[in-house]
Amino acid sequence: MTPNQARLPIWSRALSAVLAIALAYLIAYWLSKWVAPKPLSAPTASLAPALELSGNASKQAAEALGLLFSKPAEQALDMAPPDIKLHGIVFAGTDSSIVANAAGEKPQVYRAGEPIGAYRIRSIQQDAAILEPLPGLSKGALGQTLRIELPKRESLIR
C-alpha cells in the first residue's frame, strides 16, 4: 500500500471475511448437492402386484415374508410342565435369563443351559422358555422339548 491510500476500517475487513466464508460455504453446499449420488428408489411397477393383494392372498404374502425374515421357531410340545412356573424373562440375546420357580420353591434367576427341576433350559425366547428333560431324572421321552410361556396379562383397563 502506498502512503496516499487510505486503509479500510477493521469492521469493513471483518465483514468482508465473514461474507467470503459464507460464500464459500454456500458454494460447497450446492456443489455437494449437485455431485452427491441420488438415492436409489424401488421401481413402482414391481410394487403394484403386492399392493393389489387383498384378503387371503395378502395374508399369505405377509406370512411368507414373516417366514423369510424370522428365525425358525424350535419345535416344542405345547403342554407346560406342571411343576415349573415362569414369572419373567430378560431377553438379551445370548445373555437372556428367566425368573421361574420349580415345585413350590422361591422364584430364582436361570440362564440357558442351567437345570430347573427335572428340566434344563434349552433356549430363551421373547415370550417363552424352551425346556428339555434331564437324562434319567424326568419321565418324558428324551429329545422332546417343553415350552413354558409367560402368563397372559388381563386388561389393565377395567
Side-chain angles (χ1 to χ4, degrees), residues 17-18 21-158:
V18 168
I21 291 171
L23 180 63
Y25 172 78
L26 284 173
I27 290 172
Y29 174 79
W30 286 110
L31 274 176
S32 70
K33 291 292 184 183
W34 181 62
V35 174
K38 304 234 182 302
L40 297 176
S41 62
T44 56
S46 67
L47 294 178
L51 295 176
E52 292 174 7
L53 294 176
S54 62
N56 196 24
S58 176
K59 182 179 178 183
Q60 290 174 349
E63 289 173 356
L65 282 175
L67 291 174
L68 180 64
F69 293 109
S70 66
K71 290 183 6 184
E74 294 185 35
Q75 295 296 325
L77 297 175
D78 285 332
M79 47 186 232
D83 59 342
I84 297 176
K85 184 174 180 186
L86 184 62
H87 297 283
I89 296 177
V90 177
F91 189 73
T94 58
D95 294 330
S96 297
S97 58
I98 64 171
V99 177
N101 66 327
E105 297 176 357
K106 291 182 181 178
Q108 295 179 350
V109 176
Y110 298 94
R111 291 180 175 239
E114 293 182 0
I116 177 171
Y119 298 91
R120 176 180 293 125
I121 301 169
R122 182 174 181 186
S123 67
I124 299 172
Q125 300 172 348
Q126 289 182 346
D127 60 346
I130 306 296
L131 306 176
E132 61 186 1
L134 289 173
L137 293 179
S138 63
K139 299 175 186 173
L142 290 177
Q144 288 186 341
T145 58
L146 299 172
R147 176 183 172 97
I148 55 172
E149 295 183 352
L150 286 170
K152 304 291 185 226
R153 286 192 171 180
E154 296 297 321
S155 176
L156 296 176
I157 302 173
R158 293 184 184 196

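The first residue in the sequence is number 1, and the count goes up from there. Note that the coordinates shown come from a computational prediction; the quantities given were computed from them, not determined experimentally. Heavy-atom basis, side chains included; hydrogens, waters and symmetry copies ignored.
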Any chance you could measure [X], atom [atom1], to [Y], atom [atom2], to the nearest 0.5 Å?
X	Y	atom1	atom2	result
Asp127	Ile148	CG	CD1	11.5 Å
Leu150	Leu86	CG	CG	4.5 Å
Ile89	Gln126	CD1	CD	9.0 Å

Leu31 meets the side chain to side chain contact (heavy atoms under 4.5 Å, CB included) criterion, sequence neighbours left out, with Ile27, Trp34

Please tabulate, one pair per line, all N/O donor-acceptor pairs under 3.5 Å involving side-chain atoms of residues 100-110, not counting sequence neighbours.
| residue | atom | partner | partner atom | Å |
| --- | --- | --- | --- | --- |
| Asn101 | OD1 | His87 | NE2 | 2.9 |
| Asn101 | ND2 | Glu105 | O | 3.0 |
| Gln108 | OE1 | Tyr110 | OH | 3.1 |

Over all atoms of both residues, closest heavy-atom pair of [X] and [Y]:
X	Y	result
Arg122	Ala112	O-CB, 4.3 Å
Ile116	Ile121	CG2-CG1, 3.9 Å
Leu131	Tyr119	CB-CB, 4.0 Å

Kindly indicate whether the side chain of Asp95, heavy atoms from C-beta on, has any atom under 4.5 Å from the side chain of Arg111.
yes

